Amino acid sequence: MLDPSFPLHYTVLVIHIFLAFIALVLGPFQFMRGIRQRHIALHRATGRVYLSCVLLSGTASIIVGLYTADFTRQTAFLMLAVLWLLSAIKAYIAIRQRRINEHFTWMVRNYALTLVAVVARIIVPLSIVVQLLRGQISLPINITEVLNKTLGTGIWLAIVLNLVLAEWTILRRIQKKTTERD
């Protein structure tokens with residue numbers, strides 16, 4: 001819902017969505033080993049665009065989050081924005097200091113946070129179906145009311161799920177490197 005007291009709310013929201021979409025599209029290419037190893041200039045250029053999109057979109061998402069009426073959604077959006085920006089900054093600092101493994105680790109976390117919106121859009125409808133099957137929602141449903149009740153929880157669940165999967169991916173990579181050295 002747009003806040004009528006903030007005339008730029010829609011504009012900031014569109015900027016956030018557009019830049020986040022660019023980051024979503026560029027992200028997978030940053031993890032392709034062939035591009036990273038054989039086309040380092042391309043990796044660096046797309047990485048700069050990716051991080052710029054995250055920093056600008058993340059800043060816009062803080063503004064949008066501050067104008068979210070529902071407390072659960074507001075705290076989820078603001079936590080996501082802070083974690084998204086923090087992980088991007090940590091990744092940037094690591095690569096500037098040539099700590100490549102640390103940079104990779106922070107980028108895995110960052111891209112996991114970039115994907116939260118996608119995962120939430122899968123979790124929320126599944127959650128609604130589960131609630132219907134369990135009789136927690138009666139037919140006919142008021143979709144706006146159901147979405148309002150489910151969206152905040154779906155965002156939190158997506159944040160947790162994505163970060164757990166990111167840490168699992170990071171640990172698997174570390175274990176693989178350790179096994180290869182032995």
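Small disclaimer: the values here were computed from a predicted structure and weren't measured.
Side-chain N or O atoms of R36 include one that pairs as donor or acceptor with a backbone N or O of F31 at under 3.5 Å. A donor-acceptor contact shorter than 3.5 Å links the side chain of T59 to the backbone of L55. A donor-acceptor pair under 3.5 Å is absent between the side-chain atoms of T68 and the main chain of Q74, judged by distance alone. Side-chain N or O atoms of H9 include one that pairs as donor or acceptor with a backbone N or O of D3 at under 3.5 Å.
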For W156 and T72, run side chain to side chain donor-acceptor pair (under 3.5 Å): C-alpha distance rounded to whole Å, both residues' side-chain angles, the deciding distance at 0.1 Å, then the answer. CA-CA 9 Å; W156 276 112; T72 304; 5.9 Å; no
Salt bridge (Lys or Arg N to Asp or Glu O under 4.0 Å) assessment of K90 paired with E102: CA-CA 9 Å; K90 296 287 277 182; E102 186 179 334; 5.1 Å; no
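Put simply, the side chain of S57 does not reach to within 4.5 Å of the side chain of I15, judged on heavy atoms. Between Y111 and T114 the shortest side-chain heavy-atom distance falls below 4.5 Å. For the pair Y50 and M107, the minimum side-chain heavy-atom distance is below 4.5 Å. Between F6 and V12 there is a side-chain heavy-atom pair separated by less than 4.5 Å. Under the 4.5 Å side-chain criterion, counting only non-hydrogen atoms from C-beta, D70 is not in contact with N148.
Using cut-offs of 30° and 60° on the angle between ring planes, the pair H16 and W84 is perpendicular.
Taking the side-chain hydrogen bond (donor to acceptor under 3.5 Å, both in side chains) definition, one finds that T144 meets it with nothing, sequence neighbours left out. Scanning for side-chain hydrogen bond (donor to acceptor under 3.5 Å, both in side chains) contacts around Q175 gives an empty result, with sequence neighbours left out.
Of the candidates L161, I159, V160, V116 forms a side chain to side chain contact (heavy atoms under 4.5 Å, CB included) with just one, namely I159.
Between A158 and V119 the shortest heavy-atom distance is CB-CG1, 3.9 Å.
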